[in-house]
Every structure is written in structure tokens, then in C-alpha cells.
Amino acid sequence: MQDSGGFYSLTLSVLVVVVIAVIIWGRWKEKARIAAMTPEERAVFEAEQEHQRRVKEVAGALAGAQRQFDSGVKIAEHSLQHAYNMGTNQLAKYSGQAGWVKLHENRIETSSGSAAFENGPVIATVDATGGIYESRRSTVTRVVTGGLVFGPPGAVVGAIAKKRSQHDSRELYLLVESSRWGALIKCKPDDGPRVRELAMKINAASRNADSIKAAREHAIAQATSSLESARLNTAALDEAGRVLAAAEADTARVDQARAALAARRAAENQPQQEADCNTTD
């Protein structure tokens with residue numbers, strides 16, 4: 001294994017030396033080529049190099065302007081998405097003996113369905129079975145007659161109706177209702193404080209629904225306007241594009257150097273052409 005490792009190290013060292021040698025040789029060859037140029041050829045070479053450097057420099061500025069533009073648009077898009085997400089944060093969740101609840105700023109979801117607070121007030125009540133029956137007799141009556149859909153269907157409702165005259169402290173229920181919807185969640189008997197806190201949060205979220213909706217709509221309008229402005233803010237990008245186009249088209253020095261080289265070569269070829277003509281005559 002040691003011999004194998006030494007072989008690989010030696011091979012890698014040789015490759016590095018070869019690469020360095022090739023680079024040095026290439027640079028030396030290029031310098032030799034440039035040194036062998038005539039003044040006119042050297043002028044063309046330098047003019048072309050300067051033009052390429054200028055175009056590359058301006059192209060880099062254009063790329064920077066493009067990145068800045070894209071970044072501004074992306075930030076504005078994120079702001080708009082954030083505005084759309086306002087009022088949708090989850091505030092609480094609970095899983096009882098039968099059923100579950102997820103409370104968001106703008107809605108409530110349960111194992112029996114969901115309701116958006118902006119569609120009307122939602123009221124949450126917590127009590128033992130007897131208490132719920134007495135305080136929400138009309139709601140329970142509607143459940144029994146099919147006016148509302150609760151879950152689990154039948155079992156919990158039947159228990160409430162049967163025990164209305166008998167208080168059972170070991171049974172706890174969360175009743176959530178609106179004008180057209182309701183859900184009854186059988187809770188764990190020891191979760192009384194937690195479930196009551198959840199009910200308070202549900203009622204508070206329902207009361208705050210209008211203000212949250214207004215704030216969300218205002219934020220969306222502002223973010224939409226900012227995104228439109230960001231997409232229209234192309235002045236720096238357009239200017240960088242114009243500068244690049246001008247740099248690419250600015251070949252005066254190159255053209256002049258090439259013309260001088262062509263004239264030099266034409267002058268050098270003139271005696272030879274005259275000699276050829278004399279020989280032919």
C-alpha cells in the first residue's frame with residue numbers, strides 16, 4: 001500500500017511539472033511570436049487586444065447590471081409572496097380523544113371541516129357535556145336534526161343528549177360553531193386548561209379577522225406596485241447594453257491598424273509584382 005501511495009504521488013508530481021512546463025512553453029512561444037512581428041503587425045495585435053479587453057470589461061458591467069436587476073425583481077416577488085401569506089400562519093393545534101383542530105390566523109380547520117373567519121364570526125366553547133348542552137341547546141338540537149355536521153357523527157351528539165341531566169366532570173368537549181357550520185371535538189379530560197386557551201385563541205382570531213384581511217390586502221397592493229416598479233426599472237440595464245454595443249462597434253483603432261498593415265504589405269509586394277511584369281515582357 002505504501003508503494004502504491006508513493007507511485008501515485010510521483011505520478012501526480014510529474015503531471016504537475018508537465019502542465020507547468022507546457023504553460024511556460026506556450027507563453028514563451030507567444031512572446032516569441034509577438035517579438036517577431038513587424039511594427040504594423042504589432043499595432044494590429046495591440047489594437048485587437050485592447051478592443052477585446054474593452055468589450056470584456058463592458059460585458060462584465062452589463063452582467064452586473066443584469067444581476068442587480070434580477071435581484072431587485074426577486075426581492076419584490078418574495079415581498080409579494082409574503083404579502084399573500086399574511087394572515088395564514090398557524091396559531092395552535094390540538095388532537096383530542098376524537099377529532100383534531102388546527103387554528104390559523106384566517107381560518108380554523110377541524111376533523112369535521114373548516115371555516116374561514118372572513119365568512120362570518122366563529123365561536124368556540126369549552127365545557128363538560130352537560131354545560132355544553134345547556135348553553136348551546138339550539139346548536140345541539142340542530143346537530144340532532146341534521147342542521148349541522150359534527151364529528152365523529154352521532155356518537156358524541158348522542159352522548160350529550162343522554163347526559164344533559166347528569167354532569168360528568170371527566171368528559172370535556174370543544175364546540176366550534178358559526179352561523180352555517182360547526183364541529184364538536186371530544187377532548188382529553190385532563191386537557192381543560194389547554195383546550196380553554198385554544199378556545200380563547202379561536203375567538204380572538206375570529207374577532208381579528210377583518211383587520212388581518214385589511215392589512216393583507218394593503219400589503220398585497222403595495223407589494224404588487226413594488227414588483228411592477230422593479231420590473232420597469234431597466235434604466236441601468238439598458239444603458240449598460242448600449243455601452244456594450246458601442247464598445248463592440250468601436251473598431252476605429254483596429255481598422256486603422258489593419259489598413260496600415262495592408263498598405264505595408266502592398267508596398268512590399270509592389271517591387272515583386274514589377275519584377276514579375278518585366279520578366280514576362
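All values derive from a computational prediction rather than experimental measurement.
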Single-linkage hydrophobic cluster [X]~[Y], side-chain heavy atoms < 4.5 angstrom:
X    : Y    : value
L237 : L244 : yes
V55  : L62  : yes
V16  : W25  : no
I212 : I123 : no

Does any N or O in the side chain of [X] come within less than 3.5 Å of the main-chain N or O of [Y], such that one atom is a donor and the other an acceptor?
X    : Y    : answer
S206 : P121 : no
T251 : V254 : no
T224 : I220 : yes
N233 : S229 : no

Compare all side-chain heavy atoms of E118 with those of N106 and state whether any distance is below 4.5 angstrom.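 Side-chain contact under 4.5 Å: no.
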Less than 4.0 Å between a side-chain N and a carboxylate O, is that true for [Y] and [X]?
X    : Y    : answer
E50  : R54  : no
R231 : E77  : yes
E48  : R258 : yes

In residues 81-88, what donor-acceptor pairs under 3.5 Å come from side-chain atoms, sequence neighbours left out?
residue, atom, partner, partner atom, Å
Q81, NE2, N85, OD1, 3.4
N85, ND2, Q81, O, 3.2
T88, OG1, N85, O, 2.5

Enter the distance from F117:CZ to N203:CG here, rounded to the nearest 0.5 Å.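 Answer for the CZ-CG pair, F117 versus N203, is 8.5 Å.
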Should we count CD of Q256 as having more than 12 external heavy atoms under 6.0 Å?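 Not more than 12 within 6.0 Å, no.
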